[in-house]
Amino acid sequence: MKKVFIDTLGCQMNKSDTERMLGMLLRLGYEETKNDSEADLLMINTCSIRQLSEDKAFSQIGTWGQWKRQGKNIKIGFCGCVAQQKANEIFKRANYVDFVLGTHNIYKLPDIIKLVEQGQKVCECTETNDVNVDNTGEFDIVRVKSTNAWIPITEGCNNFCTYCIVPYTRGRERSHSPESIINEVKKALADGFREITLLGQNVDSYGKDFKDRHYRLVDLLRELNAIEGNFRIRFVTSYPTDITEELIDTVVESDKVCEYFHIPMQSGSSEVLKKMNRRYDRETYAKIVKHIREKVPDVTITSDFIAGFPGETEEQFQETLTAIDEFELDYSNVAAYSPREKTVAAKWTDKFIPDDIKQERFQRLNEKVKENCLKSNQKYLGRTMEVLIENYYEHKGEMINTGKTRNNKTVHIACNRDLTGQFVMAKITGIKTWYIRGELVDNSI
Ligand code: SAH
Ligand code: SF4
Ligand code: F3S
């Protein structure tokens, strides 16, 4: 039996694509291995959100190229966002690569593998923004064993924020049909998954491209909520101004939909937001977050921020720091701005922030996030919360079950029994920056 190894970089969208590609390969008779040195087929699923992620892809496959030059009989595939963007160029930079497969065509993998096995080099990176193409639902998926199943509901993005490469690597926004999503959810639940996370660059736009029916994220959430069983539903990522009143109400009314919103703000300065082509200002974002907090008890709101966007002044950067405090953002992903080919902001070279200043702002931003994360965790000291256990391991001589609350807080519970996949009640007894500690409440299992 031939063995395949896939290295996955980047976001959940890529992880989900890897699960689909693995499914197709198993059907072709391949077996998965976690050890690249014993694989016959080596694939990397790449990310191009920042230069660093792109560089990582090339450095990672270098070793495989060496093995091939030394005479090892292996095939190498370069997939994902960098592939979509660079297509044939990849062969020039790494001539040992056998196939390049972009994000739009992963369903062609079986055909590609056949050609590659015959010794051909293949590049499949054509854009297919056809909304009717919904092949992905038909794949057998090999999900990473865990409690949470990631299920893409939209592909691509139409927003064209001036810093972001995603619209170029993932194409125009297109929604999967409700039928294919519901089937996938039911299958994941039958396979034992206890949490479903609906994925999209902008989930609130779900269904806007359906021409023959009105069916949006709220309809999908309600329909999924009605499926029998004990499980949770989450959705990421939300675009601030696309969050509707109806969506907030649906979160409140649907018992399975969790109290958690990921709403990237990107900058606390209205001027910077305008230059980023985000369609809201600081005040609008503030109103949305405040409104969600009023309506959804114990809601967790997380965000993303970029430090050192071209032209960002020290004062504007400070507005980002104050935004995190003022809006009590529970956690934020932060990144230093990285110019990306084709994007609008990459051309503003005269406005680029020097690396040392960018790094320094990035550090301060990290500190602010840490401080607020701790503050946010403190709100729950003494409370009893439902935790879905995801993992069981030994830490410093103690056996720990870790899991998440409905509002996405990570809880560590010391307990000598593996409770993975179970819902338990825990009393919160200790607060750390990145997690909270809890004790099992009697009779909760
Ligand atoms: N669709 C989501 C974000 C997807 S990309 C949204 O609209 O928010 C994930 C995050 O990467 C972004 O939120 C942004 O903070 C960061 N990012 C994107 N492009 C970047 C760049 N060129 N440099 C640094 N960070 C970037
Ligand atoms: Fe990128 Fe903006 Fe689309 Fe998010 S909304 S993926 S940041 S272009
Ligand atoms: Fe995701 Fe990176 Fe592509 S963040 S969509 S894998 S560019």
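Every number for a ligand or one of its atoms is a count from 1 in the order of the listing.
In this structure, Tyr435 and His412 have parallel ring planes: the angle between them is below the 30° cut-off, well short of the 60° mark. Between His262 and Tyr260, the angle of the ring planes stays under 30°, which puts this pair in the parallel group of the 30/60° scheme.
Set against the non-hydrogen atoms of Gln201, the atoms of ligand 3 under 4.0 Å away are 5 (S). Set against the non-hydrogen atoms of Tyr163, the atoms of ligand 2 under 4.0 Å away are 7 (S). Here is the list of ligand 2 atoms found below 4.0 Å of a heavy atom in Phe160: 8 (S). Residue-ligand proximity, Tyr337 to ligand 1, at heavy-atom distances under 4.0 Å covers atoms 23 (N), 24 (C). Those atoms of ligand 2 with a heavy atom of Pro167 less than 4.0 angstrom away are 8 (S). Under a 4.0 Å criterion applied to the non-hydrogen atoms of Cys157, ligand 2 contributes the atoms 3 (Fe), 5 (S), 6 (S), 8 (S). Near Arg170, with a cut-off below 4.0 Å to any heavy atom, the atoms of ligand 3 are 5 (S).
Considering only non-hydrogen atoms, atom 7 (O) of ligand 1 lies nearest to Arg278 out of Arg278, Gln266, Lys358. Residue nearest to atom 6 (S) of ligand 3, selected from Thr8, Asn14, Leu9: Asn14 (by heavy-atom distance). Of the candidates Gln51, Gln201, Met276, it is Gln201 that places a heavy atom closest to atom 3 (C) of ligand 1.
Annotation: cation-pi pair Arg364/Phe317 absent, no NZ/CZ under 6.0 Å from the ring centroid and within 45° of its normal.
Among protein heavy atoms, the minimum distance from atom 24 (C) of ligand 1 is reached at Ala336 O, 3.4 Å. Of the protein's non-hydrogen atoms, the one nearest atom 16 (C) of ligand 1 is Arg50 NH1, 4.1 Å. For atom 3 (Fe) of ligand 3, the closest non-hydrogen atom of the protein is Cys81 SG, 2.2 Å. With hydrogens left out, the protein atom closest to atom 9 (C) of ligand 1 is Asp304 OD2, 3.8 Å, a heavy atom. Ranking the protein heavy atoms by distance from atom 1 (Fe) of ligand 2 puts Cys164 SG, 2.3 Å first. The single protein non-hydrogen atom nearest to atom 7 (S) of ligand 3 is Ser48 N, 3.3 Å, given as residue, atom name and distance. Ranking protein heavy atoms by distance to atom 23 (N) of ligand 1, first place goes to Ser338 N, 3.0 Å. Ranking the protein heavy atoms by distance from atom 5 (S) of ligand 2 puts Asn159 ND2, 3.3 Å first. Closest protein heavy atom to atom 2 (Fe) of ligand 2: Cys161 SG, 2.3 Å.
A salt bridge between Arg213 and Glu179 is present, with a side-chain N of the basic residue lying under 4.0 Å from a carboxylate O of the acidic one. Salt bridge Glu390/Lys404: present, at least one basic N to carboxylate O contact under 4.0 Å. Salt bridge status for Lys351 with Glu312: absent, with no side-chain N to carboxylate O gap under 4.0 Å. Using a cut-off of 4.0 Å between Lys/Arg side-chain N and Asp/Glu carboxylate O, Glu54 and Lys86 are scored as salt-bridged. The pair Glu127-Arg170 does not meet the salt-bridge criterion, since no charged nitrogen lies less than 4.0 angstrom from a carboxylate oxygen. The pair Asp330-Arg293 counts as a salt bridge, with a side-chain nitrogen and a carboxylate oxygen less than 4.0 angstrom apart. A salt bridge is absent between Arg216 and Glu246: the closest approach of a Lys/Arg side-chain nitrogen to an acidic carboxylate oxygen does not fall below 4.0 angstrom. Salt bridge Asp98/Lys68: present, at least one basic N to carboxylate O contact under 4.0 Å. Looking at Glu184 and Lys186, no side-chain N of the basic residue comes within less than 4.0 Å of a carboxylate O on the acidic one, giving no salt bridge. Residues Asp325 and Lys368 are paired through a salt bridge, judged by an N-O separation under 4.0 Å between the basic side chain and the carboxylate.
At least one N/O/S atom of Cys47, from backbone or side chain, sits under 2.8 Å from atom 2 (Fe) of ligand 3. At least one N, O or S atom of Cys11 sits under 2.8 Å from atom 1 (Fe) of ligand 3.
Between Arg278 and ligand 2 there is a heavy-atom distance shorter than 4.0 Å. Ile306 counts as a contact of ligand 1, since one of its heavy atoms falls under 4.0 Å from the ligand.
Arg278 and Tyr280 share a donor-acceptor pair across their side chains, judged by distance under 3.5 Å alone.
Checked by distance only, ligand 1 and Tyr239 stay at 3.5 Å or farther apart across all their nitrogen or oxygen atoms. At under 3.5 Å, a nitrogen or oxygen of Tyr163, whether backbone or side chain, sits near a nitrogen or oxygen of ligand 1. For ligand 1, the polar-atom distance check against Arg340 finds no nitrogen or oxygen pair separated by under 3.5 Å.
Both the backbone and the side chain of Ile49 come within 4.0 Å of ligand 1, judged by heavy-atom distances.
A heavy-atom distance below 4.5 Å is not found between the side chains of Val411 and Thr402.
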| query | What's the verdict on side chain to side chain donor-acceptor pair (under 3.5 Å) for Asp304 and Asn333, showing C-alpha distance, side-chain angles and the deciding distance? | reply | CA-CA 5 Å; Asp304 294 352; Asn333 300 306; 2.8 Å; yes

